[in-house]
Q: 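Pasting a structure below so you can have a look.
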Amino acid sequence: LPASKALSIETPEMLKVQVFQNAACNWRCWYCFVDFNRLSADRRVSEYFTAVDLIDMYLEESDRPSVIDVTGGQPDLVPEWVFWMMEALTKRHLENSVFLWSDDNLSNDYFWRYLTSSQRSHIAEYPMYARVACFKGYDAASFSFNTSAESQLFDQQFELFAGLVSEGLDMYAYVTFTGLPKDGLSASMARFVDRLQRIHPNLPLRTVPLKIEVFTPTSHRVKQGHTLALKFQYDVHSAWLEELDRRFSSQERAIPITDVSLK
Ligand code: SF4
């Protein structure tokens, strides 16, 4: 939807996208569709490229998609990457015809630590760009279960998302609902949606739950707890839908995600 809106095209049933992956991530989600050796900055399975190299390789494709996804791994371990891609697209006169999308696992503050304010403003104001950031669970326990990271980093995800909204980026959210089965689901979900709404009252309407499935790279990682979580995610999703029903009218729920304002 964000891509087709930016490109002024009918939303297709299926969209072809050119994907570039940063071969590094600071987390290890058990459900990650990327092989773990592609997350460890291993030079045996990855290469250094400049952003201009990537765009020039993309231009050599005969049937080029109009969307480029900067993903990973965690793209923002190289916070300059999105900025450099914008510069490279502009250098090749593609800034009005190619939509740039990037993913973010909400794990670090490098966007502020390593980019200048003018670089941050450029990213926020670049018209053909949007970012999606993923909440890796709906509470600290599910976050830690999913990422193998410290549970207090769950809180940091909200701070980082709020910072990106404040900078004026066109932000969307994913959430993954896998976690070990537990009681008190409605209360946990209410707290999660409260925290989204503290960032912006409309943020739940820009948040897309991702269904976790087993892919070839993940099949050997799935242990007993993960199998339970794969089943329990449907209960969590039902709690999410109930919470949204309590807080939003059916008309609000029907607004296309691209028309939900976070201003
Ligand atoms: S944060 Fe994303 S890229 Fe990193 S391990 Fe998790 S799913 Fe994979």
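Each ligand, and each atom within it, is numbered from 1 in the order the structure gives.
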Q: How close does the nearest protein non-hydrogen atom get to atom 1 (S) of ligand 1, and which residue and atom is it?
A: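 The closest heavy atom on the protein side is Asn105 ND2, 3.3 Å.
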
Q: Identify, for atom 8 (Fe) of ligand 1, the protein heavy atom at the shortest distance, and state residue, atom and that distance.
A: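 Scanning the protein heavy atoms, the shortest distance from atom 8 (Fe) of ligand 1 goes to Cys32 SG, 2.3 Å.
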
Q: Taking the side chain as C-beta and beyond, is there a heavy-atom pair between Asp170 and Arg206 under 4.5 Å?
A: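 Asp170 vs Arg206: side chains touch.
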
Q: Answer with side chain, backbone, both or neither: which part of Gln74 has a heavy atom less than 4.0 angstrom from an atom of ligand 1?
A: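 Gln74 to ligand 1: no contact under 4.0 Å from either part.
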
Q: Do the rings of Phe177 and Phe192 sit parallel, tilted or perpendicular, given the 30° and 60° boundaries?
A: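 The rings of Phe177 and Phe192 stand perpendicular, inter-plane angle above 60°.
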
Q: Is the shortest side-chain N to carboxylate O distance from Asp235 to Lys182 below 4.0 Å?
A: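 The answer is no: the pair does not qualify as a salt bridge.
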
Q: Considering the heavy atoms of Gly73, write down every atom of ligand 1 situated less than 4.0 Å from one of them.
A: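 The list of qualifying atoms is 3 (S).
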
Q: Starting from atom 6 (Fe) of ligand 1, locate the nearest protein heavy atom and write down its residue, its atom name and how far away it is, to 0.1 Å.
A: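 Its nearest protein heavy-atom neighbour is Cys29 SG, 2.3 Å.
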
Q: Does any non-hydrogen side-chain atom of Asp139 lie less than 4.5 Å from one of Ser142?
A: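 Yes, their side chains come closer than 4.5 Å.
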
Q: Tell me, which protein residue and heavy-atom name are nearest atom 2 (Fe) of ligand 1, and how many Å apart are they?
A: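 Heavy-atom neighbour on the protein nearest atom 2 (Fe) of ligand 1: Lys136 NZ, 3.6 Å.
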
Q: Show which atoms of ligand 1 fall inside a sub-4.0 Å distance from at least one heavy-atom site of Trp27.
A: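 What qualifies from ligand 1 is 4 (Fe), 5 (S).
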
Q: Between Ser97 and Leu7, which heavy-atom pair has the shortest distance, and what is it?
A: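 Here Ser97 and Leu7 meet closest at O-CD2, 3.5 Å.
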
Q: Is it the side chain (CB and beyond), the backbone, both or neither of Cys25 that lies under 4.0 Å from ligand 1, heavy atoms counted?
A: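 Looking at Cys25 and ligand 1, just side chain atoms fall under 4.0 Å.
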
Q: Testing the basics here: between Asp35 and Pro217, what is the closest heavy-atom pair and its distance to 0.1 Å?
A: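 Answer, listing the atom of Asp35 first, then Pro217: OD1-CB, 3.3 Å.
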
